[in-house]
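This report concerns only the one structure given below.
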Amino acid sequence: MLALWMSAMCLSCYAAAFAWADGQTAHATGEDGYVAVIKKKITGKKKKRKDKKEADAKSVVPELTPEEQRRYDYFFLEAVRLKLQRKYDAAFEVLQHCLAINPEAASAQYELAQYYMFLKRIPQGQQALEKAVKNEPDNFWYAQGLANLYQQQNEQDKALVLLEDMAVRFTDKLDPLYNLLDIYNRREEYDKVIDILNTLEQRMGKNEQLSMEKFRIYLQKKDTENAFSEIESLVAEYPMDMRYQVILGDVYMQNGKQEEAYNIYRKVLAEEPDNAMAMYSLASYYDETGQKELYQQQLDTLLLNKKVPSDTKLTVMRQFIVENERASGDSTRVINLFDRIMEQDPDDAQLPMLYAQYLLSKGMNEACQPVLKQVLEIDPTNTAARMTLLGEAVRKEDYEAIIRLCEAGVESNPDMLEFYFYLAIAYNNAERTDDALATCQKALEHVTEDSKKEVVSDFYSIIGDAYHTKQQMEQAYAAYDSALVYNPSNIPALNNYAYYLSVERRDLDKAEEMSYKTIKAEPDNATYLDTYAWILFEKGNYAEARIYIDNAMRADGEKSSEVVEHCGDIYYMTGDVEGALKYWKKALEMGSDSATLKEKIEKKKYIPNETGGSK
């Protein structure tokens, strides 16, 4: 809130300043400067009261002596300087002193009005602004500010009087006319609206916007003769611009003059056979008059014409789709029309993209694939098309397609981290470990402050997996640490980190802590349950390990031969040799390549791997 007071020091400083400036006049009479100021203020107020009626009647600002004007200018500029320094309380006080020098000063009144408005003291602000406008009626900005205030305060009558005066006084300004237009429209004073529009037309020249607005107002008045005359005059003003003739035809169509509309469309097309507006309007004419066959023919003529802009075709096809859906029409009509458009080899991706979206909306995912590929041939940077194709490839686990799409994706959209992510995963599945590693490292070069931390964490997690595959364990653990810095809840990273530590039989307490987070997050995940069970096994907690390995075996989904072998190992260490043999044999049948599995079965005893196992 703006403070309207000053410190004692500040007040005394300005009192001295006032006395100095005012005292220059008093000095000539030999009076004490500040005393003279006080006397002048008292006598000045008496004179003001005596002459108030006469001054109000004449609305004349009293002239200042040259000395008074210099003093006023000095303090007004000082107020402006203080305002720029954001010393608003001091500026406010100085403006008050300006009015003591000249109570009718419009500039000071206007500036004070801004302060009152800021303080939400609307009546005082309005009063000050009204005085500014009264005392300087030729200042457009003062009047405009007051007109805006009247409208904000819903004092429409006052606004109207002021704006009408401004429209006459400031003939080079259009704002008052537009404001009057708004008020007259809301009051439904249509004759006055027409007058304003005519005035605007005189100043700006005839144009489509004004003519269409006049047309609308004439229709509101039910004056159809003048309504049509307005559009006809627009056509007469620009006889070579076929667009206005089509607009006239459309106006005729909207108001039941179908024959007149038809004649205009045919006339335009006779002069410009490729005029897209006229072609579309003629198609609409056939549709509205029930001539469906001619409508379809005209639509084909428009959509299959290579000279018609793609944007126009796009608009027409969207409208055609909407109308077909509204009429519960057969989707084959839309598809057949799209297919014919596609045969024209469009050079703009918007139409095939619209076709793809339509097919997807109908659940025709397979039919959509070649269309999306056509989109990418036209525009390799079309992210929506590439991501849609990528989603289908991921769903099918088609890693070759994923690699193909993402390799092109990182070339055309190098800042899209999603393409690097799926490409790295696909490389991993294709056992292209070095490529996966390089892809993640390249992706990290494009990370910004706005990148999602979870995504960055996933890249470090994949890097950790790649280094593990290369048996570079220190680099792998460093990458997992980075992944968990960016996202402490990265469950796959926690699981893999924990398991690889358990395989090396190192930092088992840390491994157990990380693994426990994974089973809390996904208590039915067999892989995570197996990891936790194996860590407990390595720590010698066999009974507890058996609880979690049993949960892993009961979990939904297929179990790997490694999980089954672990189950046998844990059963053996809890004294259940028969159970252990059953699971070991089952793991062997599943194709396990464990180095010690056959020996375990032959010797009927647990034999540890040198590294503790692998996952």
Next item on the list: Could you tell me whether Arg81 and Glu78 have a side-chain N and a carboxylate O separated by less than 4.0 Å?
Entry: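 A salt bridge is present here (some side-chain N lies under 4.0 Å from a carboxylate O).
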Check: Can Arg326 and Glu323 be counted as an ion pair, charged N to O under 4.0 angstrom?
Finding: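 Salt bridge flag = no for Glu323 with Arg326.
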Next item on the list: Dump the intermediate steps for side chain to side chain donor-acceptor pair (under 3.5 Å) on Asn226 and Glu230, then the final yes or no.
Entry: CA-CA 6 Å; Asn226 276 320; Glu230 187 57 42; over 6 Å; no
Which atom pair, heavy atoms only, marks the closest approach of [X] to [Y]?
| X | Y | answer |
| --- | --- | --- |
| Met279 | Asp274 | SD-C, 4.0 Å |
| Leu360 | Cys368 | CG-SG, 3.6 Å |
| Ala167 | Arg203 | O-NH2, 3.5 Å |
| Gln245 | Pro239 | NE2-O, 3.4 Å |
| Ser331 | Lys362 | CB-CE, 4.2 Å |

Next item on the list: Decide yes or no on ring-ring contact (aromatic ring centres under 6.0 Å, His included) for Phe228 and Tyr218, but give the supporting numbers first.
Entry: CA-CA 9 Å; Phe228 291 120; Tyr218 280 130; over 10 Å; no
Going by distance alone, is a donor N or O of one side chain under 3.5 Å from an acceptor N or O of the other, for [X] and [Y]?
| X | Y | value |
| --- | --- | --- |
| Tyr265 | Asp250 | yes |
| Tyr355 | Asp339 | yes |
| Asp311 | Gln350 | yes |
| Gln291 | Thr289 | yes |

Next item on the list: Assess whether atom NZ of Lys267 is packed by more than 12 heavy atoms of other residues, nucleotides or ligands within 6.0 Å.
Entry: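 Result for NZ/Lys267: open.
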Margin query: Taking CD in Glu225 as the centre, count heavy atoms belonging to other residues, nucleotides or ligands within less than 6.0 Å. Is the count above 12?
Written below: no
Side chains of [X] and [Y] in contact at under 4.5 Å (non-hydrogen atoms):
| X | Y | value |
| --- | --- | --- |
| Tyr190 | Arg216 | no |
| Leu303 | Val308 | no |
| Asn324 | Asp330 | no |
| Phe140 | Asp172 | no |
| Met353 | Asp379 | no |
| Ser310 | Asp347 | yes |
| Glu93 | His97 | no |
| Phe320 | Arg333 | yes |

Enter the distance from [X]:[atom1] to [Y]:[atom2] here, rounded to the nearest 0.5 Å.
| X | Y | atom1 | atom2 | answer |
| --- | --- | --- | --- | --- |
| Ile321 | Tyr358 | CD1 | OH | 6.5 Å |
| Ile335 | Arg340 | CD1 | CZ | 12.5 Å |
| Thr332 | Leu337 | OG1 | CG | 11.0 Å |
| Tyr115 | Phe92 | OH | CZ | 9.0 Å |
| Thr171 | Arg169 | OG1 | CZ | 11.5 Å |
| Thr199 | Ile194 | OG1 | CD1 | 11.0 Å |

Next item on the list: Quick one: do Gln258 and Tyr252 satisfy side-chain contact (heavy atoms from CB on, under 4.5 Å)? Show the steps, please.
Entry: CA-CA 6 Å; Gln258 295 175 335; Tyr252 283 147; over 6 Å; no
Next item on the list: Apply salt bridge (Lys or Arg N to Asp or Glu O under 4.0 Å) to Asp223 and Lys214, showing your working.
Entry: CA-CA 11 Å; Asp223 184 353; Lys214 285 165 74 175; over 6 Å; no
Next item on the list: Take Glu418 and Lys452, measure what salt bridge (Lys or Arg N to Asp or Glu O under 4.0 Å) needs, and give me the verdict at the end.
Entry: CA-CA 11 Å; Glu418 291 87 342; Lys452 291 184 178 179; over 6 Å; no
